[in-house]
Every structure is written in C-alpha cells, then in structure tokens.
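Down below is the structure, laid out as structure tokens.
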Protein chains: 2
Amino acid sequence: MTQDTASRPLRADAQRNIDALLEAAKTVFRTSGVDAPAKEIADLAGVGVGTLYRHFPKRSDLVTAVFQHEVDACAAAAPALADENEPGVALEKWLHRYTEFLATKRGLASALHSGDPAFDALPCYFMERLGPALDSLLEAAVEAREIRALVSPQDLLYAVSKLSLPLGDEEAGHGRRMVDLLVDGLRHGAGPSR
Amino acid sequence: MTQDTASRPLRADAQRNIDALLEAAKTVFRTSGVDAPAKEIADLAGVGVGTLYRHFPKRSDLVTAVFQHEVDACAAAAPALADENEPGVALEKWLHRYTEFLATKRGLASALHSGDPAFDALPCYFMERLGPALDSLLEAAVEAREIRALVSPQDLLYAVSKLSLPLGDEEAGHGRRMVDLLVDGLRHGAGPSR
DNA sequence: AACTAAGCGGAACGCTCTTCCAGAACTATA
DNA sequence: TATAGTTCTGGAAGAGCGTTCCGCTTAGTT
C-alpha cells in the first residue's frame with residue numbers, strides 16, 4: 001500500500017519496517033500526540049531509531065504518511081459500507097466513520113495549523129480522496145430518495161470537520177450528536193428528485 | 001496588572017521581571033511559536049532561566065498568562081475606540097483589532113486543542129472578558145441605528161474566530177475580507193430599532 | 001547599618017533528536 | 001546453491017533543550 005510508485009521495488013524487509021512504523025506511529029500519535037519521542041515509535045515498531053530516520057527523515061514525513069494512510073483507509077470504507085447497507089444508512093455510518101477518523105486528529109490539527117509548509121498539501125489530499133468517496137454515497141442516497149440533493153460533499157466534509165473539531169469547551173459527544181442532526185436534516189426534505 | 005491579588009505585595013524587582021518575561025514571551029511566541037526555547041525568552045527578558053521557572057513553573061502557566069494579558073489588552077481597547085469614533089466605525093475597528101489578536105494566536109490555537117487540562121479555563125476567560133466589551137460596542141451601534149440588532153456578541157466572536165483561524169488552505173487576507181463582509185451585513189439591515 | 005528572607009542566576013543533570021557507519025540481511029546471478 | 005553486490009539496520013555518539021537546585025545577591029525592615 002506504500003512506496004510502490006517508481007524506482008526499484010524496495011527490499012522486502014524495508015517495506016515490512018515501513019508498515020510497522022506507520023502502524024506504530026498511528027498508535028503513538030493517538031496516545032501521546034504528534035510530538036511523542038521518536039524512540040517510543042521505533043520501539044513499538046520493533047526497529048532502531050536509525051531505521052525510522054532512514055524512511056522518514058523529517059517528523060513531518062511521518063505525520064504526513066500516517067495521515068494519508070488513514071485518509072485512504074477512511075475513503076476505502078465507503079464502497080464496503082455501500083455494499084452492506086441501504087444508501088441512507090451507508091451514508092450515516094460512513095459519516096460516523098469519518099468522525100472517528102477526525103477524533104484521532106486533535107494533535108494533527110495542531111500540526112496542520114503550525115505553519116510548517118510541509119503540511120500544505122494535506123488539506124488538498126484530504127479533499128481529493130474523501131470528496132469522491134462521500135459523493136458516491138450521497139448520489140446513491142439521493143437516487144434512492146432517502147435524502148435530498150442539496151448538499152455538496154465539500155460542504156458536508158467541512159461542516160462535519162468543524163462540528164467535530166470544536167473551538168472552545170464543550171462536553172464529549174457533542175460532535176456526534178450534531179452530525180446525527182445534520183443527517184436527519186438531509187433526510188427531512190427527501191422525496192422525488194426534481 | 002499582574003499578581004496583585006493576595007498575599008504580600010511581591011518584591012519590586014520580582015514584579016519587574018514578571019512583566020519583562022510576559023513581554024518577552026509575547027514577542028517570542030509570535031516569532032518562534034509557543035514551543036520556543038525557554039532560554040530565548042529568558043534572554044530577551046534579561047533574566048536567567050531559573051527566574052522564568054520560578055514565576056512560571058510550567059510552560060502552560062506562561063502561555064496562559066500571556067494569553068490573558070493579551071485578551072485583557074484587546075478588551076481594554078473597546079472603550080478607547082468607542083470614545084474616538086462613530087459607533088459603527090468603533091465596532092469595525094475593534095473587530096479588526098480582534099482579528100489581529102487572533103492572527104498572533106496560530107500557535108496558541110494548537111496549545112488550546114492539545115488536550116492539556118491546563119488550558120481548559122482559557123475559552124471561558126476569553127468569552128467573559130471579550131463578550132461584554134463587544135456587547136457595549138454593539139449596543140452603541142444599534143442605539144445609533146448604524147447596525148441592526150440581531151446578533152449576539154458570542155455569535156460574532158465565534159464567527160470571527162472561525163473566519164480568522166481557517167481550516168484548510170487559503171490565501172492571506174481571506175479572514176479580513178470575510179470580516180468586512182460580516183460587518184457590512186450587519187449594517188445592511190440598519191434602521192429604526194423596533 | 002545590620003538583619004532577614006525573597007528572589008536571582010546559571011551550572012548540572014537527564015532526556016530527546018538526529019547523524020553516521022560498520023556490519024547484517026536481502027536479492028540477483030551463475 | 002554459492003557468491004557478489006547492494007540495500008538496509010541498529011544503536012552509539014554528539015548536540016541541544018527543559019528543568020531542577022542551591023549558593024549568592026538584593027530589597028525591604030528595624
């Protein structure tokens with residue numbers, strides 16, 4: 001899933017280590033934030049710190065890779081959910097999947113706004129991957145007349161983002177409730193597509 | 001303006017150092033972010049690092065103090081602007097003053113969302129100080145029939161916050177333009193108060 | 001002037017980041 | 001399968017930063 005773009009195909013053990021590092025980094029970022037010690041990540045992955053720095057010379061490289069990895073996983077969940085559920089339910093489940101994804105990104109949001117140009121491309125990647133994924137779910141739901149057709153995937157993604165990464169102080173679960181409300185709102189106007 | 005709540009009145013040189021540290025930290029936070037080296041702040045303030053840690057044992061103590069200091073300054077600007085300008089202009093100028101304040105807070109926003117409970121009280125402090133300040137400007141402008149009366153200070157503060165601390169990638173100045181638009185929107189419906 | 005205690009500075013310690021290279025591990029070839 | 005050639009690995013080493021600690025300084029008091 002990683003590093004198969006060009007050049008020669010990377011040695012097998014190296015690929016294994018990269019995967020282990022991504023998995024470890026995902027876990028550590030969630031528990032200790034994006035500024036967690038490099039050694040913690042290397043230890044969890046079962047490799048030396050040198051190996052970490054060989055594959056991800058800058059911290060932002062690792063952060064970016066983990067982020068893209070998770071965005072990909074989130075996007076990939078859409079077709080699976082569409083197969084297994086009614087369109088409206090699939091949409092709802094995917095949005096919750098998306099909220100869970102966002103919930104693990106508190107620390108990452110800080111990095112995104114840190115001004116480091118290394119992160120500039122992430123929001124684009126985000127939209128490019130998730131936009132179409134959500135769009136297919138929306139279209140199916142509109143087709144099935146379970147929701148109305150008046151929302152763009154971009155708007156919905158941003159709306160859910162802002163609901164899930166709140167400014168200020170508020171109790172847990174607030175984001176999830178607001179997302180439910182949003183989906184119900186979409187359902188309300190459902191009917192024959194014009 | 002600082003540390004005069006209780007106990008004995010703090011030695012004069014200590015108070016001077018505290019002020020110098022706050023001033024230095026404000027500058028350094030702006031240029032190097034909230035994670036800047038402690039020594040950089042201490043040097044700029046002309047004191048040893050020990051002095052910094054004596055007054056602000058944890059980094060969050062310093063961050064919190066600087067933040068409150070700046071919130072106070074921003075709130076204090078409201079009456080002055082109200083004296084020197086027409087109500088509508090005072091409102092507009094203050095909102096721009098507020099945007100400038102927010103613009104220096106990129107790094108701080110990260111800290112706020114970092115999950116450190118030390119920062120939990122900041123958003124409340126923020127609203128408590130700025131809410132009334134903005135409210136007085138709004139009331140004066142409504143009274144003078146320069147804007148309509150349909151907005152709460154909380155909504156306006158949050159709206160401007162979100163416009164000024166954008167998610168995603170966008171060119172500079174976007175926040176400022178959107179704030180202008182918002183103020184024009186307020187003006188549009190102006191007329192006899194009901 | 002002398003005393004007291006608050007306050008100061010910066011050396012020292014420990015932790016983390018990052019680099020580097022000798023040697024291990026893998027792959028291709030014969 | 002044996003060998004050569006390359007990639008990749010691990011962790012020691014060097015540098016830098018955060019934080020603590022304590023002997024000395026200095027403001028305030030009598």
Side-chain angles (χ1 to χ4, degrees), chain A residues 2-25 27-29 31-66 107 110-111 114 116 118-119, chain B residues 2-25 27-29 31-66 107 110-111 114 116 118-119:
Chain A
T2 311
Q3 186 59 264
D4 41 30
T5 43
S7 66
R8 72 195 58 186
L10 207 59
R11 238 169 65 177
D13 57 340
Q15 184 63 61
R16 254 199 319 276
N17 282 333
I18 288 175
D19 291 343
L21 280 167
L22 284 175
E23 190 58 35
T27 304
V28 171
F29 284 170
T31 53
S32 313
V34 282
D35 291 326
K39 183 149 195 311
E40 193 177 338
I41 297 168
D43 284 352
L44 184 60
V47 304
V49 283
T51 305
L52 194 168
Y53 280 95
R54 155 164 275 264
H55 296 299
F56 306 99
K58 290 181 303 181
R59 183 155 216 100
S60 61
D61 295 332
L62 185 56
V63 173
T64 302
V66 169
S110 313
S114 67
D116 186 330
F119 298 119
Chain B
T2 311
Q3 186 58 266
D4 41 30
T5 42
S7 67
R8 73 195 57 187
L10 207 59
R11 237 169 64 177
D13 57 341
Q15 184 63 59
R16 253 197 322 274
N17 282 333
I18 288 174
D19 291 343
L21 280 167
L22 285 175
E23 191 57 35
T27 304
V28 172
F29 284 169
T31 55
S32 312
V34 281
D35 292 326
K39 181 146 195 312
E40 194 177 336
I41 298 168
D43 284 352
L44 184 59
V47 305
V49 282
T51 305
L52 195 168
Y53 281 95
R54 157 165 278 264
H55 295 300
F56 306 99
K58 288 182 306 182
R59 182 154 216 103
S60 61
D61 295 332
L62 186 55
V63 173
T64 301
V66 169
S110 314
S114 67
D116 187 330
F119 298 118

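Everything quoted here is computed from the prediction, not taken from an experiment. Order of the sequence lines sets the chain letters (A, B, ...), proteins ahead of strands, with each chain counted from 1.
- In this model, the phosphate group of dC8(D) is not approached by any side-chain N or O of H55(A) to a distance below 4.0 Å at OP1 or OP2.
- Computed from coordinates, the D35(A) CG to dC17(D) P distance equals 16 Å when rounded to whole Å.
- The NZ atom of K39(A) sits 9 Å away from the P atom of dG11(D) (whole-angstrom rounding).
- In this model, the phosphate group of dT9(D) is approached by a side-chain N or O of N17(A) to a distance below 4.0 Å at OP1 or OP2.
- Here the nucleotide nearest the side chain of V49(A), chosen from dA12(D), dG9(C), dG10(C), is dA12(D).
- Comparing P37(B) and D13(B) by the nucleotide of DNA chain D that holds the closest heavy atom to each, the one mapping nearer the 5' end is P37(B).
- Atom CD1 of I41(A) and atom P of dT16(C) are 12 Å apart (whole Å).
- Rounded to whole Å, the distance from CZ on R59(B) to C1' on dC17(D) is 10 Å.
- Whole-Å rounding puts the R16(A) CZ to dA25(C) P distance at 12 Å.
- Formation of a donor-acceptor pair under 3.5 Å by the D61(A) side chain with backbone atoms of K58(A) is found in this model.
- Separating the CD1 atom of I18(B) from the C1' atom of dA6(C) is a distance of 12 Å, rounded to the nearest angstrom.
- Looking at the side chain of Y53(A), the nearest of the listed nucleotides dT18(C), dC8(D), dG18(D) is dT18(C).
- At the phosphate of dG9(C), OP1 or OP2 sits under 4.0 Å from a side-chain N or O atom of T51(B).
- Atom NZ in K58(A) sits about 11 Å away from atom P in dT18(C), given to the nearest Å.
- Looking only at side-chain heavy atoms (C-beta outward), I41(B) and F29(B) come within less than 4.5 Å of each other.
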Applying side chain to side chain contact (heavy atoms under 4.5 Å, CB included), run through R16(A) and D19(A) and close with a yes or a no. CA-CA 5 Å; R16(A) 254 199 319 276; D19(A) 291 343; 5.9 Å; no

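- The shortest non-hydrogen separation linking L21(B) to L52(B) is CD1-CA, 3.9 Å.
- At whole-Å resolution of the value, CG in L52(A) and C1' in dT16(C) are 13 Å apart.
- When distances run from any side-chain atom of R54(A) to the nucleotides dC8(C), dC17(C), dT9(D), the shortest one goes to dT9(D).
- Looking at the side chain of A12(B), the nearest of the listed nucleotides dG28(D), dC8(D), dC8(C) is dG28(D).
- Applying side-chain contact (heavy atoms from CB on, under 4.5 Å) to H55(B) and the options V47(B), L62(B), I18(B), L22(B) leaves one that passes, I18(B).
- Under 4.0 angstrom from either OP1 or OP2 of dG7(C) there lies no side-chain N or O belonging to R11(B).
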